[in-house]
Amino acid sequence: VLDSHTSHIASKFTEIKQKNDKRTGKMLEENPKEIKTGDASLCILKPTKPMDVETFKQYAPLGRFAVRDMKQTVAVGVIKSVCKGESTGKSTKSAVVSTQSRGIAYVVVE
């Protein structure tokens, strides 16, 4: 579950783009097969429902996120970019109204 601000939406890690050094931010490995506890990475997440988020630079409160599994936090980070897409899952009324102007977020996170 991806938690951003007040949203709690199921999401899927679609791609791990790169593995970075935690201290310097330099790329260590491109397209790694896995990341482990304590690693920094650049990933693409795809929410199953429409979700309103912004990049961290544009609006910090909507640019932070946490990924939780069984009530345990497994990842935290900031949103680097947002790509609008088409809805594939169910939507609430408020999400439909919101996405008419904004679209669904494909989130690139670090």
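Atom set for the values below is all heavy atoms of this structure, side chains included, hydrogens, waters and symmetry mates excluded.
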* **Rounded distance (nearest 0.5 Å) linking atom NZ of K57 with atom OG of S81** => 11.0 Å

* **Atom of R68, atom of T73 and distance for their closest heavy-atom approach** => NE-OG1, 3.3 Å

* Asked: Do you know which two heavy atoms are closest between T55 and K80, and how far apart they sit?
  -> CG2-O, 3.5 Å

* Asked: OG of S41 to CD of E29: how many Å apart, nearest 0.5 Å?
  -> 11.0 Å

* **Where P47 and L45 come nearest, the two heavy atoms and their spacing** => CD-O, 3.8 Å

* Would you indicate whether the side-chain heavy atoms of F65 and I79 approach each other to under 4.5 Å? => yes

* Asked: For the atom pair NZ (K17) and CG (L42), what is the distance rounded to the nearest 0.5 Å?
  -> 7.5 Å

* **Contact summary for I16 and E34, nearest pair of heavy atoms** => CD1-CA, 4.4 Å

* Asked: Mind checking whether M51 and S4 have side chains closer than 4.5 Å, heavy atoms only?
  -> yes

* Under a 4.5 Å cut-off applied to non-hydrogen side-chain atoms, are N20 and Q18 in contact? -> yes

* Are L2 and V74 connected in a single hydrophobic cluster, I mean Ile/Leu/Val/Met/Phe/Trp/Tyr linked by side-chain heavy atoms less than 4.5 Å apart? -> yes

* Would you say I9 and V1 make side-chain contact, with heavy atoms under 4.5 Å? -> no

* **Gap separating the CZ atom of F13 from the CD1 atom of I35, nearest 0.5 angstrom** => 6.5 Å

